[in-house]
Amino acid sequence: MYIYDEYDQRIVDERVDQFRDQTHRYLAGEITEDEFLPLRLQNGLYIQRFAPMMRIAIPYGLISTRQVRKLADISRHYDKGYVHFTTRQNVQLNWPRLEEVPDILAELATVQMHAIQTSGACIRSTTTDHFAGVAADEVVDPRPWCELIRQWSTFHPEFAFLPRKFKIAVCGSGEDRAATLVHDIGVHLQKDGQGKIRINVLAGGGLGRTPVIGAVIKEDLEPEQLLNYLDATLRIYNRYGRRDNKYKARIKILVKAMTPEVFAREVETEWHRIKKNSQPLSLSEIKRMATHFTKHDYDPLSDLDFNHLALQGSPEFQRWLKQNVSAHQQTGYSAVTLTLKATSDAPGDVSAEQLDDIANLADRFSFGELRVSHEQNLIFADVPQAQLPELWQALDTLGLATPNRGLLTDVICCPGGDYCALANARSIPLAEEIQRYFEDLDYLHDIGELDLNISGCMNACAHHHVGHIGILGVDRKGEEYYQIQIGGSAGKTASLGKIIGPSFKREEVPDIIRQLMSVYLEQRYEGERFIDTSLRLGLTPFKEKVYGQKAA
Amino acid sequence: MDRKLLKDNELYPDHSIVWQADTAIAENVQELLIPQVLWQAHKEDIRLLSLRKLLYVLPDDELTDMEADLSEFDGIAIQFPGFLDGRGYSHARTLRDHLNFRGEIRAVGDVLVDQLFFMKRCGFSSFVLKPGQNPDAAIKALSTFQLSYQGSSDLRKPVHRIRESL
């Protein structure tokens, strides 16, 4: 992973000093509440329902065990002994004290971490495939490009006061595991006929109130020009994006209003201007970056026969092996997902003790590194297959072997009304009710792959529009209701879900999901996933089941 | 007028006004900020004025229309209607990088201490602080960071170029 040199370290250290000074001036009354708002937001600091909430960056989801232990320490010392992994490869503290935030930042800086631009109307932390560098279907390792984008966007002087937040996601594999089609910018890395890296750039995707699938605005960009091209795109957005209405300020509205073709032409013109007097990314810098993301020192192992491996273990082990273990580039190795979705724990929450245990296991089994996924899970990316039984045993003892990755109970869920001041409804209790209702593992495995996303409001932090089943919390005259949509997906053929009809009370939701499942189980073709069945059939049979013949 | 102009790390009283075709100019006024539309309409009259003249750029303005006339101004004042409106940063960079403007670029309007570092990097060379801003903090803020990851209009090398030159 990327290791800071003295320059990187100095930049984060100076950031700590800057924020300490800003906090001091704010507390002394020199900076008004309104003026402090963007300053603290650009350090990930929200004022939440009960306390500040602090969002810490885990750039493109890569974290070392040393950093994990530091997070555990910080959560014990400055918070309530747990952290929350978010849907954007970040981690949140829910109860820090404003006065202590500069100290937390200083602690983070000692392990090369920060909270820079994790919030606010600026370029947010870049996200990518959680299997980057190990995925079997990978064409280009996205991590060096993510780090280049991270550095370019860090304190970018021109784009600290954009019309609205701005999120970039990078994908370098066959399957898109970074939801790039619903980001402000999606960067697709690929190789041309000669094996040279070329980049397609997408713009104008996004969720929230007006979900839109991004459009390709540039094909076959030379990688040396990536940052210049991003500069051009951001400049067009900064200049012409709407600033009169918060809900129309994202780049997706601008791209739609201009049309992707005209937007692309404007960017192209600006890019040609920029190219004239900006240096391209140097090949030596690209190379230097790549040296930070070389392969681990893998042992020469052969792939094991998983059927054989499964037969040696318990049914629980077999389920976990099938569901939570993923293919790897390197023979003899696998990637293992620890879902943070055990029933009764809020999705994405981990205690400090668990963090320490997880760090110890990652040191033992996975080269001292972890990944954080936008599905709010953790990943050991480099586990020798022969050690899978031993790892499972250890995880099972710690309650971290829940075999539900990608299943109905692997709920993607925002903090919702329990924590968030924006929410219309609570998300966490609903996630828990659904997990309790669908306890039967055989039933869950029979349903198979299913993305269930629950957002507590329109802002769509849990990306409900691209859940195979998406649930949105709504406020009906002060009462929590939940609107259900189906047919969304986040891959390269991303689709937006459609609302099935009027919303439901929370206690009704689990049974409504069961009804949706019964339509699927009756009508699916052999091997067909819920998402594919729902797209094939359309809404009608699902509506009829849930609301009766008349409603449909 | 208790507005202060920060320029070359010194503070001066701000003696500028936004010029309007029909207003008399008070005696203590030293500089005129001239809106683009008025410049287009009254070029000849404005040329006769002997005060320092700065083109007054609003967020919506298109600067490329002004390219041929830029040399007639002593400087350019870019207006920030609210500190959250970041369009002025792109204007400054366009002036420095594409229109090759080398004179004074001044930030006016809702100009706060904690914006100054970014403004400087985008090519601003002077700043009329919003009343009430702490001048010492403002001077300090101009050197918040010693290093920057990306190149910008202040011509400082991005970090990776520094690494390469070692």
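Values below: all heavy atoms of this structure, side chains included; hydrogens, waters and symmetry mates excluded. Throughout, a chain's letter reflects where its sequence line sits, starting with A, and its residues are numbered from 1.
With chain A as the partner, the residue from C122(B), A137(B), P59(B) showing the most heavy-atom pairs under 4.5 Å is C122(B). If you tally non-hydrogen atom pairs under 4.5 Å between each of A160(A), P38(A), S282(A) and chain B, the highest count goes to S282(A). Listed options T94(B), L112(B), D110(B) were ranked by heavy-atom pairs under 4.5 angstrom with chain A; first place goes to L112(B). Between chain B and the residues R150(A), K276(A), R10(A), R235(A), the most heavy-atom pairs under 4.5 angstrom are made by R235(A). Interface remark: of the candidates R93(B), Q133(B), Q115(B), R93(B) forms the most heavy-atom pairs closer than 4.5 Å to chain A.
By the 6.0 Å contact criterion, NZ on K4(B) is open, its count of non-hydrogen atoms from other residues, nucleotides or ligands being 12 or less. More than 12 heavy atoms of other residues, nucleotides or ligands sit less than 6.0 Å from atom NZ of K7(B). Residue H272(A) places its NE2 atom among more than 12 non-hydrogen atoms of other residues, nucleotides or ligands, all under 6.0 Å distant. Residue-environment remark: NZ (K248(A)) stays at or below the threshold of 12 foreign heavy atoms within 6.0 Å. Other residues, nucleotides and ligands place no more than 12 heavy atoms under 6.0 Å from the NZ atom of K246(A).
Interatomic distance, E158(A) CD to S90(B) OG, rounded to the nearest 0.5 Å: 3.5 Å. The line from CG of D21(A) to CG of D114(B) is 7.5 Å long, rounded to the nearest 0.5 Å. In this structure, CD in Q146(B) is found 12.0 Å from CG in D13(A), a value given to the nearest 0.5 Å. Going from atom OG1 of T64(B) over to atom CZ of R273(A) covers 6.0 Å, rounded to the nearest 0.5 Å. Taking OG of S148(B) as the reference point, atom CD1 of I11(A) lies at 6.5 Å (rounded to 0.5 Å).
By the 4.5 Å heavy-atom criterion applied to side chains, Q150(B) and P157(A) are counted as neighbours. The shortest side-chain heavy-atom distance between F118(B) and H156(A) does not fall under the 4.5 Å cut-off. Here the side chains of F145(B) and Q18(A) are in contact, with some heavy-atom distance below 4.5 Å. Looking only at side-chain heavy atoms (C-beta outward), T144(B) and F155(A) stay at 4.5 Å or farther from each other. Counting heavy atoms from C-beta outward, R87(B) and R243(A) have side chains that approach closer than 4.5 Å.
Contacts between D85(B) and chain A at a heavy-atom distance below 4.5 Å involve backbone atoms as well as side-chain atoms. Only the side chain of R288(A) comes within less than 4.5 Å of a heavy atom of chain B; its backbone N, CA, C and O stay farther away. For A141(B), no part lies under 4.5 angstrom from a heavy atom of chain A. Heavy atoms of N277(A) lying under 4.5 Å from chain B belong exclusively to its side chain. Both the backbone and the side chain of L84(B) come within contact range of chain A, judged by heavy atoms closer than 4.5 Å.
Annotation for V113(B) and R25(A): closest pair CG1-NH1, 3.5 Å, computed over non-hydrogen atoms. Heavy-atom minimum distance, E14(A) versus L147(B): OE1-N, 4.2 Å. Nearest heavy-atom pair, D5(A) versus R163(B), reported as atom, atom and distance to 0.1 Å: OD2-NE, 2.5 Å. Looking at every heavy atom in both residues, R239(A) comes nearest to D61(B) through NH2-O, 3.0 Å.
The stretch residues 62-86 of chain B participates, sequence neighbours left out, in these ring-ring contact (aromatic ring centres under 6.0 Å, His included) pairs: W39(B)-F73(B), F80(B)-Y89(B), F80(B)-F124(B).
Under the side chain to side chain donor-acceptor pair (under 3.5 Å) criterion, R143(A) pairs with D141(A), sequence neighbours left out. For the salt bridge (Lys or Arg N to Asp or Glu O under 4.0 Å) test, no residue two or more places apart in sequence or in another chain qualifies with R124(A).
Contacts of residues 28-36 of chain A with chain B at a heavy-atom distance below 4.5 Å involve E30(A), I31(A), D34(A), E35(A), listed in sequence order.
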